[in-house]
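Every chain is numbered from 1 and lettered A, B, ... according to where its sequence line falls, protein lines coming before strand lines.
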Amino acid sequence: MEYSSKTVEREWQDYWLKNRSFEPSEDFTKEKKYILSMFPFPSGRLHMGHVRNYTLSDSFARYYRQQGFNVLHPIGFDSFGMPAENAAIKNGSHPKKWTYDNIDYMKSEFKSLGFSFSKERELATSDELYTKFEQGFIIDMFEKGLLYRKKGFLNWCPSCHTVLANEQVIDGGCWRCDTQITKKDMNQYYFKITQYGDELLSDLSKLEGGWPKQVLTMQENWIGKSNGLSFDLFFDEASKAKLDGKFDGFDVFTTRPDTIYGVSYAALAPEHPIISHLMENAGLDADAISEIKEMRSSSSIDRQKEKSGLALGLEVLHPLTGKKIPIWCANFVLMDYGSGAVMAVPAHDDRDFEFAKKYDLEICPVIKPFNGKLNSEIAFTEVGELFDSAEFSGMNSKEAQAKIIEHFEAEKIGKKTTNYKLKDWGVSRQRYWGAPIPFVHCHDCGLVMEKKENLPIALPEDIVITGEGNPLEKHPSWKHCKCPQCGEDATRETDTMDTFVESSWYFLRFCASPKNWEKEAFSKEQIEYWMGVDHYIGGIEHAILHLLYARFFTKVFRDLGYLEFDEPFDKLLTQGMVLKDGAKMSKSKGNTVDPDAIIEKYGADTARLFILFAAPPTQELEWNDSAVEGAFKFIKRFYDRSSNVYKCNTIPQIEHSSLSKEEKFARKKVYEALVRANDVYREKYTFNTMIAGVMEAMNALNTQNNSDVWSEGYWILSSIMEPVIPHVCWDISSRFFSLKNLTKQEIRDEVFMQDSIILGVSVNGKVRAEIEVALDTAQGEIVSLAKESVAKWLDGQTIVKEIVVPNRLVNLVVKG
RNA sequence: GCCGCUGUGGUGGAAUGGUAUACACGCUCGAUUCAAAAUCGAGUUCGAAAGAAUGUCGGUUCGAGUCCGACCAGCGGUACCA
């Protein structure tokens, strides 16, 4: 029969839909598997990265269904976000229409690829029902003090009139219009993720083994825990007077307390409150003020280009020596790390050194290498031996660090402190297409939460999107409301939430039974059954932000009483990128391959087979047209050779000992493929080797013509391949096996029994010959056969050692 | 700079410390065909051979692509984090 991908694929896609084949059961006594792909943004069309992602999760889902598990394999759309607004600006389409049109199209693509997603649990995060529950959680978090509002210096694009996230700033410019961004002091909502910093770090150990090491390391570095000493530097009397008595001193943090005797100046971030005070109270001249303003507004890229600063005319006293230390304002000091102020030890820190050289500040070395001499041309930043450090002189750095912290604590002038690079998560965006933050500003009551029964606070549809400013702010009526507390006139918050908020809990929403979707976000019972996600599959680009935020939400929900576990994703599989001509597929490079075109030409099964066969999932995948052709040929051959198979409702029973050598070999290859398949799904995820095993089995079946062996072979192979090329396999299975073989397959040990084995013979580790011996051959005889086979290499040599590795090889060690 | 990953035929890639190059692509030859496509079959690491080869150099071992150390190259993450 001629293979037609279109006929076969359409038939089975309709069958699956009609029979609700992929809906999870509500029977919670069954063993479950929760297989999840990272859901897509509805950009319009699927790209090959998506196809790779969903082919992987689909294979897992189908495999576990065959093994008898209750499988949840849902999909949705991460459908809020800037691109919908950008499309509106460009084509005048409404963001909502643009988004939902794209979703409809992409759903049809899912169907044509044969992905076994649950239809009934499909959702989009821009659905009002989703917004409703999300706003409820935001209110919960605000009540718990995990969401707060404060002023911060944010990235601002002067041309687009909007705040930009850090990741939307590219080389110091706006990602859309290239304008140099500036910093603007604005109100912003923040999640207090730092409160969970320690747990987010320590729980990484629970993920070891299940998550790639690389991702764990990236998260660890991102959280960036460091231990050290924090202490106050106090102003002298003259400086206090200059500051109108408002400040006694300021706090600094160091990870190198062992260098404390080398402190020769201290520096404040341009945004530091002491500097603001000086600027506002005539403590600085006009030139200095404009210089500081310049530092404050320059982008972080600019600030990294060259160190600059200015002396403030203030002095503090060294906490141990009492020596006077000058205070500078320096652009390399960051306000949002530590306390925004540092002690500077130019002799032992590269940055402090560079700054001291530029402004001709004192450099006092206090640590020298254990062996060798100090080089005064550079900072010595490694550990070493202390000198000129009072009673700590002569100690090594490590010892001195502990002792100096002890000393500070005993004298009550400082304490051991831990700092994190992790910052609180700024979540407000001055944008239309996002979930509104459910708060109200009331003249009398201040910032007030919306009442839960009024949720969702939905977006208005009659808006004008120009790309300038926040459309919600400009809408004539939307923001005007009554205060939920006092009932007086008030205004709604017009900021919307970062889209990372939606993706931080969607995996929980999928656990909810759709029949209760209106009533609740999810129930505890459903969550406890389905979570954690057994296999979470997606791109490495989400290694930090999305996965960190989802972990954070899980812990918050636990503390709110919604669930009872600590981590959402048991196993994480990060797929590699899809490349063409050695570069990532992208529209701008013009090297994309459209999935629809591949399906049209070869069918979904070919696309799926190629993607899984061409490389292991974690590696980059190089697109190759002729290899796609090869995958297509295999499917055609697989379909065609089914003419050797007869109809049966149970697996054919075969008397193994009665078979010919070729027939035995074919059976062995078939069952080897089965063993490998189980290995791959449960542990190794190297689908390419599983498929290679099936190809070997096919090649072996081809060398014989026993119809029992063919039929048994197809019974097994079409079961193994069903998760990869489902349409063809369902077709074969229905024609010959009444779909009875798409289940767990038993391994038959008898096919692995052999009468003889082939051993390699090596001399000094170099393989020189092969011998075939009967299974029960005694070791002595094996050795003498081996010697015979390599006589040529033993000539004139003395054998000093004989090593026999059972079933593998014989190694003879000789000396000549 | 720091952290991580990857280096195997012409190409994608196989190989629990035990016969390197499975499987596939490509290429070559042959069958089929009036011819081509499709299909089927054979061959294909390099080298005429001895022999050599898993980025380079060392080490551990009877035996190393695999383990250890140093380096080189490519890719990715991150970065004035005190």
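In this structure, A/Leu812 places its CG atom 14 Å from C1' of B/rU19, rounding to the nearest Å. Straight-line distance from the CZ atom of A/Phe610 to the P atom of B/rU11: 16 Å, rounded to whole Å. Here the P atom of nucleotide B/rU61 and the NZ atom of A/Lys801 are 10 Å apart, to the nearest Å. Straight-line distance from the CD1 atom of A/Ile691 to the P atom of B/rA24: 12 Å, rounded to whole Å. Atom-to-atom, CD of A/Glu620 to C1' of B/rG13 comes out at 14 Å; the value is rounded to the nearest Å. In this entry the distance linking CD of A/Glu382 with P of B/rG1 reads 14 Å, nearest Å. A straight line from CD of A/Gln219 to P of B/rU78 spans 12 Å, rounded to a whole angstrom. At whole-Å resolution of the value, CD in A/Gln619 and C1' in B/rG12 are 10 Å apart.
B/rU78 is paired with B/rG1 under the Watson-Crick or G-U wobble criterion, all donor-acceptor distances under 3.5 Å. Base-pair partner of B/rG69: B/rC57 (Watson-Crick or G-U wobble, both distances under 3.5 Å). Applying the Watson-Crick and G-U wobble criteria (two distances, each under 3.5 Å), B/rG9 pairs with nothing in any strand. Pairing for B/rG41 is with B/rC29, a Watson-Crick or G-U wobble pair whose two hydrogen-bonding atom distances lie under 3.5 Å. Searching all strands for a Watson-Crick or G-U wobble partner of B/rA48 with both distances below 3.5 Å returns nothing. Figure legend. B/rC62 is base-paired to B/rG18; pairs are counted as Watson-Crick or G-U wobble with both atom distances under 3.5 Å. Nucleotide B/rA35 is matched to nothing when pairs are restricted to Watson-Crick or G-U wobble geometry with both distances under 3.5 angstrom.
With B/rA24, B/rA38, B/rC62 as the candidates, the nucleotide lying closest to the side chain of A/Ile803 is B/rC62. When the nucleotides B/rG4, B/rA52, B/rA82 are ranked by their closest atom to the side chain of A/Arg351, B/rA82 comes out on top. Looking at the side chain of A/Ser626, the nearest of the listed nucleotides B/rC81, B/rC25, B/rG77 is B/rC25. If you check B/rC40, B/rC81, B/rU19 against the side chain of A/Arg641, the one that comes closest is B/rC40. Nearest nucleotide to the side chain of A/Thr255, out of B/rA24, B/rA82, B/rA38: B/rA82. Considering only the side chain of A/Lys213, B/rC5 comes nearest among B/rG63, B/rA24, B/rC5. With distances taken from any side-chain atom of A/Trp222 to the nucleotides B/rA82, B/rA14, B/rU78, the minimum falls on B/rU78. Closest to the side chain of A/Arg808, out of B/rU78, B/rG18, B/rA14, is B/rG18. Each of B/rA82, B/rA15, B/rA24 was ranked by its minimum atom distance to the side chain of A/Thr689; first place goes to B/rA15. Residue A/Tyr337 places its side chain closer to B/rA82 than to any other of B/rG18, B/rA82, B/rG13.
A/Lys358 contributes a side-chain N or O that, together with a main-chain N or O of A/Lys307, makes up a donor-acceptor pair within less than 3.5 Å.
Tested against A/Phe610, the residues A/Phe632, A/Phe634, A/Trp623, A/Phe687 include a single ring pair (Phe, Tyr, Trp, His ring centres under 6.0 Å) partner, A/Trp623.
Across all strands, A/Ser226 comes closer than 4.0 Å only to sugar-phosphate atoms, never to a base (heavy-atom distances). When heavy atoms are screened at a 4.0 angstrom cut-off, A/Val813 is found touching the sugar-phosphate backbone but no base atom. Among the atoms of the strands shown, only primed sugar atoms or phosphate atoms (P, OP1, OP2) are found under 4.0 Å from some heavy atom of A/Val767. Here A/Val345 lies out of heavy-atom contact (under 4.0 Å) with every strand. Counting any heavy atom pair closer than 4.0 Å across all strands shown, A/Glu622 reaches no nucleic acid atom. Across all strands shown, A/Lys633 has heavy atoms under 4.0 Å from sugar-phosphate atoms exclusively, and none from any base. A/Phe613 comes within contact range of at least one nucleobase, with a heavy-atom separation under 4.0 Å. A/Asn419 comes within contact range of no nucleotide atom at all, as no heavy-atom separation falls under 4.0 Å. Among the protein residues, A/Gly224 comes within range of no part of the nucleic acid, since none of its heavy atoms lies under 4.0 Å from any strand. Here A/Asp349 lies out of heavy-atom contact (under 4.0 Å) with every strand.
Inspection of the A/Glu629 and A/Tyr602 side chains reveals an N or O donor paired with an N or O acceptor under 3.5 Å. Judged by distance alone, the side chains of A/Asp424 and A/Thr194 do bring a donor and an acceptor atom under 3.5 Å apart. Between the side chains of A/Asn644 and A/Ser642, no donor-acceptor pair is found at a separation under 3.5 Å. Side-chain N/O atoms of A/Glu772 and A/Ser756 include a donor and acceptor closer than 3.5 Å.
Residue whose closest nucleotide on RNA chain B sits further toward the 5' end, between A/Leu759 and A/Glu696: A/Leu759. Where A/Asn764 and A/Ala769 each meet RNA chain B at their nearest nucleotide, the meeting point lying more 5' is that of A/Ala769.
What you find for A/His348 and A/Thr381 is that their closest heavy atoms are O-CG2, 3.6 Å.
The aromatic ring centres of A/Trp425 and A/Tyr190 sit 6.0 Å or more apart. The ring of A/Tyr359 has its center no closer than 6.0 angstrom to the ring center of A/Tyr265.
Other residues, nucleotides and ligands place more than 12 heavy atoms under 6.0 Å from the NZ atom of A/Lys225.
For the C1' atoms, the distance from B/rU56 to B/rC62 is 26 Å, rounded to whole Å. Using C1' as the reference atom, B/rG7 and B/rC57 are 16 Å apart when rounded to the nearest Å. One C1' atom belongs to B/rC27, the other to B/rG18, and the distance between them is 34 Å to the nearest Å. With both ends at atom P, the span from B/rG9 to B/rG55 equals 8 Å, rounded to whole Å. If you take atom P in B/rU66 and the same atom in B/rG17, they sit 11 Å apart, rounded to whole Å. Only the P atoms considered, B/rG77 is 27 Å distant from B/rG69, to the nearest whole Å. For the C1' atom pair drawn from B/rC67 and B/rU28, the interatomic distance equals 41 Å after rounding to whole Å. When the P atom is compared between B/rA50 and B/rA31, the two are found 32 Å apart, to the nearest whole Å.
Regarding contacts with the backbone of B/rA79, every side-chain N or O of A/Asn221 stays at 4.0 angstrom or more from both OP1 and OP2.
Classification of B/rG74 as anti follows from a glycosidic angle more than 90° from 0.
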